[in-house]
Amino acid sequence: MQKPYQVDTVKRNTLAQQVMEQIVTLLLSGQLKPGDRLPPEMELMEQLDVSRPVVREALSSLETLEVITRKPRGGTFVNHKIGSSPFRAMLAISINNLPAVIEARMTLELGLVTIAAEKITDEELEELAETIENIRRNRDDYGVYDKQFHRIIACSAKNPVVEGMIESLLIAHEKTDSLITFREPDLTIQYHEAILEALQKRDPVQAFQKMYDHLKYVRDKILAGGQGSES
């Protein structure tokens, strides 16, 4: 194996989160690059002074964020996408800081929806309407259509730089989604229809307001630890 990376010993009070931060720090410092192979679990355990479950939890979180790719019997590699989307690495550091993640997403989506009001096509509007109908037809399990709704809006803004950021934040949807204990499809539909109506009118101010109403509701519910609808 190549010489050990220059990393700090992980304190046991933060464990998996610190392992994630160490790996992301290696990426940001250039010691790890897209396509590089990570050391085996045993070597990471020794270098970071943590147990195997901690290493596996950290790697699992990084894989969910698409920072790394694990290949059966092939090893763990830094995802090539990380080179064109360093925002994924920054998100990995803050993934457990829910207020920061949610507010970053609000900042991006509120800007994107105003641009979308000017650029969205009739075809994309039809796709948005279809996601709402899919939520209505799949009331017990509609997370994929919920995320699709927001992704269509992000892509309709036709800004590849910001699209990369919002795509990374949407990956974090699974984390916030796991905190929602009670589904409210009717409320989700209501919020989405209001946003769609504003986009159909090509009204950026109204689109901003309706998206803000939606995301503020989700943020307040999640941070309060209560029950809420999808994002």
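Sequential numbering from 1 along the given sequence is applied to the chain's residues.
- In this view, Arg219 satisfies the salt bridge (Lys or Arg N to Asp or Glu O under 4.0 Å) rule with no residue, not counting sequence neighbours.
- Residues Leu26 and Val78 fail the side-chain proximity criterion, which asks for heavy atoms closer than 4.5 Å.
- Contact annotation: the side chain of Glu109 never approaches that of Val113 to less than 4.5 Å [non-hydrogen atoms, C-beta and beyond].
- For Ala194, the side-chain contact (heavy atoms from CB on, under 4.5 Å) partners two or more places apart in sequence, or in a different chain, are Lys210.
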(message) Could you walk me through whether Met106 and Met211 satisfy the side-chain contact (heavy atoms from CB on, under 4.5 Å) test, starting with their C-alpha distance in whole Å, then the side-chain angles of each, then the deciding distance to 0.1 Å, before giving a yes or no?
(response) CA-CA 9 Å; Met106 289 180 71; Met211 180 66 81; over 6 Å; no
(message) Could you walk me through whether Leu223 and Glu103 satisfy the side-chain contact (heavy atoms from CB on, under 4.5 Å) test, starting with their C-alpha distance in whole Å, then the side-chain angles of each, then the deciding distance to 0.1 Å, before giving a yes or no?
(response) CA-CA 11 Å; Leu223 297 185; Glu103 288 175 2; 5.5 Å; no
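- Counting heavy atoms from C-beta on, the side chains of Arg137 and Asn134 come closer than 4.5 Å.
- In terms of modelled atom types and a separation under 3.5 Å, the side chain of Asp146 and the main chain of Tyr142 share no donor-acceptor contact.
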(message) Using side-chain contact (heavy atoms from CB on, under 4.5 Å), reason through Ile120 and Leu128 one step at a time and then give a plain yes or no.
(response) CA-CA 10 Å; Ile120 196 164; Leu128 286 178; 3.7 Å; yes
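- Applying the salt bridge (Lys or Arg N to Asp or Glu O under 4.0 Å) criterion to Glu197, with sequence neighbours excluded, gives Lys201.
- Inter-residue side-chain proximity for Ile23 and Leu32 is flagged as met; some heavy-atom pair is nearer than 4.5 Å.
- Atom-to-atom distance recorded for Leu199:CG and Glu124:CD is 10.0 Å, nearest 0.5 angstrom.
- For Glu63, the salt bridge (Lys or Arg N to Asp or Glu O under 4.0 Å) partners at least two apart in sequence or on another chain are Arg70.
- Taken from CD in Glu57 to CG in Leu62, the straight-line distance is 10.5 Å, to the nearest 0.5 Å.
- Counting heavy atoms from C-beta outward, Asp213 and Gln209 have side chains that approach closer than 4.5 Å.
- Cluster annotation: Ile115 is not connected to Leu215 through the hydrophobic network of ILVMFWY side chains, with a link wherever side-chain heavy atoms come within less than 4.5 Å.
- Here the straight-line distance linking atom CD of Gln200 with atom CD1 of Ile195 works out to 12.0 Å at 0.5 Å rounding.
- The side-chain contact (heavy atoms from CB on, under 4.5 Å) check on Thr107 picks up nothing, with sequence neighbours excluded.
- With sequence neighbours excluded, the residues satisfying side-chain hydrogen bond (donor to acceptor under 3.5 Å, both in side chains) with Glu21 are Gln17.
- Under the side-chain hydrogen bond (donor to acceptor under 3.5 Å, both in side chains) criterion, Asp186 pairs with Arg139, not counting sequence neighbours.
- In terms of the salt bridge (Lys or Arg N to Asp or Glu O under 4.0 Å) criterion, Asp141 has no residue partners (sequence neighbours excluded).
- Note: Glu123 CD to Ile152 CD1 = 10.0 Å, rounded to the nearest 0.5 Å.
- Taking all atoms of both residues into account, the shortest heavy-atom contact from Arg202 to Pro204 is O-CD, 3.2 Å.
- Between Glu184 and Lys221 there is no salt bridge, since no side-chain nitrogen of the basic residue lies less than 4.0 Å from a carboxylate oxygen of the acidic one.
- Once rounded to the nearest 0.5 Å, the distance linking CG of Leu38 with CZ of Phe77 reads 9.0 Å.
- Partners of Ala58 under the side-chain contact (heavy atoms from CB on, under 4.5 Å) rule, at least two apart in sequence or in another chain, are Ala16, Val19, Met20.
- Counting heavy atoms from C-beta outward, Val67 and Asn79 have side chains that stay 4.5 Å or more apart.
- Scanning for side-chain hydrogen bond (donor to acceptor under 3.5 Å, both in side chains) contacts around Lys119 gives an empty result, with sequence neighbours left out.
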(message) Using the rule given for side-chain contact (heavy atoms from CB on, under 4.5 Å), can you reason through Leu187 versus Tyr217, listing the C-alpha separation, both sets of side-chain angles and the distance that settles it, and then say yes or no?
(response) CA-CA 10 Å; Leu187 192 53; Tyr217 174 81; 3.3 Å; yes
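- Ring planes of His214 and His150: parallel class, angle under 30° (limits at 30 and 60°).
- Listed for the Ser156 side chain is a donor-acceptor partner under 3.5 Å among the backbone atoms of Ile153.
- Between the CG atom in Leu196 and the OG1 atom in Thr131 there is a gap of 8.0 Å [rounded to 0.5 Å].
- Both Val54 and Met42 belong to a single network of hydrophobic side chains, linked directly or stepwise wherever heavy atoms of I, L, V, M, F, W or Y lie under 4.5 Å apart.
- Residues satisfying the side-chain hydrogen bond (donor to acceptor under 3.5 Å, both in side chains) criterion with Glu193, sequence neighbours excluded, are Arg136.
- Taking Pro53 as the reference, Ser51 meet the side-chain contact (heavy atoms from CB on, under 4.5 Å) condition, with sequence neighbours excluded.
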